[in-house]
Amino acid sequence: MAKRTVAADPTQYSKQSLQSYGADRVKEYLDIEYSCWRCKKADVFTAEEQKQSFEVKKNYIWQRRNLCRDCWMAANKIRKTLEHHQERWASAKKILKDDSRFLSEWLELLIKLEEYAGYRADTAKKNMLKKLLSKSA
């Protein structure tokens, strides 16, 4: 399969990207093939997706994908659910600290997210939840 290219416009990069070495030398984006870190499925970070990511969303120019679309969507779903748990915890900690169902679900989500981004383990939060669960048992 022939790799596609799309013209780059470095003037649209984020401030962080503009300050990085070599960002001003990028003239075009080229499809980048990779294997998903989690499921090992082959995928492509298309030239069009790179333009959208770097110039519109202002993501850092040298970032690369490591999850396929399916795994990325699953990880985002887990992150959104974790945000909801964090919001509930912030507003009702006194009640939820004894809710073993809530605590267990939150802990399971944190552990599950590590399958998608193992380098972002939230050890402190997991330890807090384990401690609370041991008290409520």
Side-chain angles (χ1 to χ4, degrees):
M1 177 164 82
K3 292 186 178 187
R4 293 171 294 183
T5 61
V6 173
D9 181 2
T11 65
Q12 298 301 311
Y13 293 164
S14 67
K15 287 182 182 180
Q16 182 186 20
S17 292
L18 288 170
Q19 294 172 351
S20 70
Y21 180 77
D24 58 336
R25 295 185 181 132
V26 177
K27 303 295 182 215
E28 64 184 11
Y29 305 109
L30 178 68
D31 289 350
I32 300 172
E33 297 175 6
Y34 67 98
S35 293
C36 178
W37 179 82
R38 180 177 176 271
C39 72
K40 310 301 184 222
K41 184 174 98 179
D43 208 347
V44 177
F45 188 16
T46 68
E48 293 87 0
E49 290 169 332
Q50 292 172 60
K51 186 170 186 75
Q52 176 74 17
S53 179
F54 305 141
E55 295 178 19
V56 177
K57 293 181 178 179
K58 307 298 185 195
N59 291 322
Y60 183 62
I61 185 69
W62 301 120
Q63 84 172 21
R64 292 297 174 255
R65 290 211 178 143
N66 59 7
L67 294 174
C68 67
R69 285 167 186 76
D70 292 340
C71 288
W72 182 79
M73 288 172 51
N76 276 346
K77 184 175 180 182
I78 292 169
R79 282 186 192 98
K80 286 191 187 305
T81 306
L82 283 168
E83 285 176 21
H84 178 67
H85 277 65
Q86 188 67 43
E87 289 167 3
R88 284 186 62 201
W89 178 255
S91 66
K93 186 185 296 188
K94 288 181 182 179
I95 296 167
L96 293 173
K97 70 180 178 61
D98 297 318
D99 185 340
S100 60
R101 184 171 160 236
F102 171 81
L103 298 171
S104 295
E105 183 179 297
W106 194 4
L107 178 59
E108 288 172 22
L109 287 165
L110 287 168
I111 292 168
K112 185 73 175 165
L113 185 60
E114 290 176 12
E115 293 178 22
Y116 298 89
Y119 56 90
R120 291 187 183 156
D122 195 340
T123 304
K125 197 168 288 166
K126 289 189 323 186
N127 287 339
M128 175 197 75
L129 293 169
K130 288 175 186 176
K131 186 175 179 180
L132 289 169
L133 282 165
S134 70
K135 287 181 181 180
S136 68

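Please read these numbers as outputs of a predicted model, since none were measured by experiment.
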Check: N66 and Y34 side chains under 4.5 Å, non-hydrogen atoms: no
W62-L30 co-clustered via ILVMFWY side chain contacts under 4.5 Å: no
CZ-OH distance between R25 and Y21, expressed to the nearest 0.5 angstrom: 3.5 Å
Heavy atoms of other groups near W89 CH2, more than 12 under 6.0 Å: yes
Spacing of K93 atom NZ and D99 atom CG [to the nearest 0.5 Å]: 15.0 Å
No-hydrogen, no-angle side-chain donor-acceptor test under 3.5 Å, E55 and Y29: yes
CD-CG distance between Q12 and D9, expressed to the nearest 0.5 angstrom: 4.5 Å
Residues 103-111, side-chain donor-acceptor partners within the protein, below 3.5 Å, at least two apart:
from, atom 1, to, atom 2, distance (Å)
S104, OG, S100, O, 2.8
E105, OE2, H85, NE2, 2.8

CA sep, side-chain torsions, deciding dist, call: K112, E115, salt bridge (charged side-chain N to carboxylate O under 4.0 Å, His left out): CA-CA 6 Å; K112 185 73 175 165; E115 293 178 22; 3.1 Å; yes
E28 vs R4 side-chain heavy atoms within contact, under 4.5 Å: no
Which residues share a side chain to side chain donor-acceptor pair (under 3.5 Å) with N76, sequence neighbours left out: R79
Flag, side chain of D31 to backbone of A47, donor-acceptor distance under 3.5 Å: yes
Cluster overlap I32 with I61, hydrophobic side-chain contacts below 4.5 Å: yes
Exceeds 12 heavy-atom contacts within 6.0 angstrom, atom CD1 of I95: no
Residues, nucleotides or ligands: over 12 heavy atoms within 6.0 Å of R101 CZ: no
Euclidean distance, C36 SG relative to W72 CH2, rounded to 0.5 Å: 13.0 Å
Heavy atoms of other groups near K77 NZ, more than 12 under 6.0 Å: no
Any side-chain donor near an acceptor of the partner, S53 and N59, under 3.5 Å: yes
Whether Q19 side chain and Q16 backbone form a donor-acceptor pair below 3.5 Å: no
Hydrophobic cluster identity match, V44 and V6, side-chain contacts under 4.5 Å: no
Any side-chain heavy-atom pair of R65 and E49 under 4.5 Å: yes
Atom pair CG (L133) and CE (M128), whose distance is rounded to the nearest 0.5 Å: 9.5 Å
Electrostatic pair K51-E48, nearest N-O below 4.0 angstrom: no
D70: partners by side chain to side chain donor-acceptor pair (under 3.5 Å), with sequence neighbours left out: K41
S17 and S20: side chain donor to acceptor below 3.5 Å: no
Salt bridge R69-D43, side-chain N to carboxylate O under 4.0 Å: yes
Side-chain donor or acceptor of Q50 paired with backbone N/O of F45 under 3.5 Å: yes
Atom NZ of K40 with >12 non-hydrogen neighbours under 6.0 angstrom: yes
